[in-house]
Protein chains: 2
Amino acid sequence: MNKAVREPSRRMGPEGSANWHAMLDGAEDILREEGYGALTSRNIAERIGVKQRLVYYYFQTMDDLVVAMFRRLSVRELERSRQALKSERPLREIWDVCIHTSDARLISEFMALANHIEGLRTEVIHFIEESRAIQARALSAALKNKAKGRVPPIGLAMIATSLALSLNREAELGVSAGHKEITKVIKDFLAEIEPK
Amino acid sequence: MNKAVREPSRRMGPEGSANWHAMLDGAEDILREEGYGALTSRNIAERIGVKQRLVYYYFQTMDDLVVAMFRRLSVRELERSRQALKSERPLREIWDVCIHTSDARLISEFMALANHIEGLRTEVIHFIEESRAIQARALSAALKNKAKGRVPPIGLAMIATSLALSLNREAELGVSAGHKEITKVIKDFLAEIEPK
DNA sequence: GTCTATACACCGATAGAC
DNA sequence: GTCTATCGGTGTATAGAC
């Protein structure tokens with residue numbers, strides 16, 4: 001968690017190489033399936049068929065690995081959102097990104113970890129702010145020529161994000177009370193301001 | 001030849017005793033401050049000034065302790081919600097419960113743990129369903145004599161819960177984009193259907 | 001780049017004395 | 001009820017050979 005000051009740093013494997021990705025892939029699977037309590041260098045190594053020592057050739061510490069894992073994921077997600085902006089029906093695309101985002105279990109783990117790993121916290125903050133801005137932009141444009149409701153675009157963005165998160169998390173748990181109703185509200189909203 | 005399959009297993013300390021509560025209190029603090037990776041019998045014991053062995057006198061396993069911790073918390077929260085139902089202005093009270101619920105870090109940890117501890121998952125599901133039902137009842141009653149909007153009570157309950165969760169979590173992280181706007185929307189909604 | 005081998009701390013859980 | 005003592009296992013991280 002600390003030991004921030006490091007010697008000229010030891011030799012390191014290159015970011016973006018095959019093994020680097022394989023390690024992050026394995027880490028994602030473990031995080032999703034077993035939680036961060038099981039996210040260890042030994043487990044990652046075993047899962048991808050290398051020795052534990054190699055993990056520390058690619059990542060200085062486990063915290064570094066976690067941060068790299070989230071950053072790789074958030075870059076992908078933000079790119080999807082930015083692409084959605086340019087589409088025919090940006091609102092539907094963006095809602096699709098929200099609701100089909102990397103699964104709820106993974107996100108739950110990152111949210112918990114972000115409270116304890118400073119570097120991850122920074123990345124998460126950046127991701128939330130960036131994606132909210134993208135969504136607000138899309139909503140703003142879509143609502144420009146409509147009668148304004150009482151919820152401003154950035155407020156709608158916040159509602160969308162938090163709803164999608166809860167819908168996914170609860171569906172994962174096996175709770176569904178209210179889901180049907182909310183899904184219909186969203187559907188109607190989209191049909192109204194962004195007809196197919 | 002004994003292996004505790006049919007025996008009530010070993011002696012256990014009484015649920016609800018002073019030490020039992022002290023252990024859960026300590027566990028809550030650790031979970032909030034350091035995360036479940038640090039939630040160990042040794043840390044709990046040290047924090048409340050007893051020896052590690054004693055934790056296993058009160059709880060058979062660490063998982064049992066986690067489940068007991070959540071159950072104690074959820075009983076309290078549900079009681080607060082039920083009390084809110086009986087108040088003068090139930091909607092405001094219930095929103096207050098949502099937004100001032102035990103802090104976001106703690107909840108994040110429980111959400112992550114629920115994906116990996118079966119007994120906890122069951123408790124969490126029960127808590128969500130129960131509190132959603134209470135909230136829907138309150139909203140239903142409050143909206144009875146009003147013009148119906150397009151969001152049914154249980155949908156509003158779901159929006160409220162997920163929004164409160166996100167507002168708390170993001171505030172904890174240090175994100176505030178859209179918070180002011182959403183807070184105003186809620187305030188206006190309450191002013192309209194439940195005037196002071 | 002990948003490995004063997006290792007240091008050292010800490011984990012859950014139990015046996016059994018007082 | 002609370003303790004000492006201990007088991008077998010796993011964690012991060014490093015040294016250094018090939």
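Sequence lines set the chain letters: A, B, ... in the order given, protein chains first and strands last, and positions in each chain run from 1. Only heavy atoms go into these numbers, but all of them, side chains included; no hydrogens, no water, no symmetry mates.
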Asks: Respond yes when some side-chain nitrogen or oxygen of A:Arg53 is under 4.0 Å from OP1 or OP2 of C:dC3, and no when none is.
Replies: no

Asks: Can you tell me how far C1' of C:dT2 sits from CD of A:Glu46, to the nearest Å?
Replies: 17 Å

Asks: In this structure, which one of A:Glu109, A:Glu33, A:Glu34 forms a side chain to side chain donor-acceptor pair (under 3.5 Å) with B:His116?
Replies: A:Glu109

Asks: Can you check whether B:Tyr58 has a side-chain N or O nearer than 4.0 Å to OP1 or OP2 of D:dT2?
Replies: yes

Asks: Is it the case that over 12 heavy atoms from other parts of the model lie below 6.0 angstrom from the CD atom of A:Glu88?
Replies: no

Asks: Quickly work out the A:Asp63 CG to D:dG11 P distance and round it to whole Å.
Replies: 16 Å

Asks: What's the closest nucleotide to the side chain of B:Met62 if the choices are C:dG12, D:dT2, C:dT2?
Replies: C:dG12

Asks: At under 4.0 Å, does any side-chain N or O of A:Tyr57 touch on OP1 or OP2 of C:dT2?
Replies: no

Asks: CZ of A:Phe59 versus C1' of C:dT2: gap in Å, rounded?
Replies: 16 Å

Asks: Surrounding CD of A:Gln83 (heavy atoms of other residues, nucleotides or ligands, distance under 6.0 Å), is the total greater than 12?
Replies: yes

Asks: Could you work out which one of D:dG1, C:dT4, C:dC11 sits closest to the side chain of A:Lys51?
Replies: C:dT4

Asks: Specify the separation, in whole Å, of atom CE of A:Met12 and atom C1' of D:dA13.
Replies: 14 Å

Asks: Is a side-chain donor or acceptor of B:Glu194 paired with a backbone partner of B:Leu91 at a separation under 3.5 angstrom?
Replies: yes

Asks: Taking only the side-chain heavy atoms of A:Gln52 (C-beta and beyond), determine which of D:dA13, D:dT2, C:dG12 contains the nearest atom.
Replies: D:dA13

Asks: Considering only side-chain heavy atoms of A:Leu54, which listed nucleotide, C:dT2, C:dT14, D:dC3, is closest?
Replies: C:dT2

Asks: To the nearest Å, give me how far apart OH (A:Tyr56) and C1' (C:dA7) are.
Replies: 14 Å

Asks: So which one's nearest nucleotide on DNA chain D is more toward 5', A:Arg42 or B:Gly49?
Replies: B:Gly49

Asks: Fit a plane to each ring of A:Phe110 and A:Phe70, take the angle between them on a 0 to 90° scale, and name the class: parallel (under 30°), tilted (30 to 60°) or perpendicular (over 60°).
Replies: perpendicular

Asks: For the pair made of NE2 in B:His21 and P in D:dG1, what is the distance, rounded to whole Å?
Replies: 15 Å

Asks: Test question: given the 4.5 Å side-chain rule for I, L, V, M, F, W and Y, name all other residues clustered with A:Ile107, or answer none.
Replies: A:Met111, A:Leu165, B:Ile107, B:Met111, B:Leu165

Asks: Could you state the interatomic distance from CZ (A:Arg105) to CD (A:Glu172), rounded to the nearest 0.5 Å?
Replies: 5.0 Å

Asks: Considering just the side-chain nitrogens and oxygens of B:Asn43, establish if one lies under 4.0 Å of OP1 or OP2 belonging to C:dC10.
Replies: no

Asks: Among residues 29-41 of chain B, which contact DNA chain C at a heavy-atom distance under 4.0 Å?
Replies: B:Leu39, B:Thr40, B:Ser41

Asks: Is it the case that the base of D:dA13 and the side chain of A:Gln60 share a donor-acceptor contact (distance under 3.5 Å, atom types as modelled)?
Replies: no

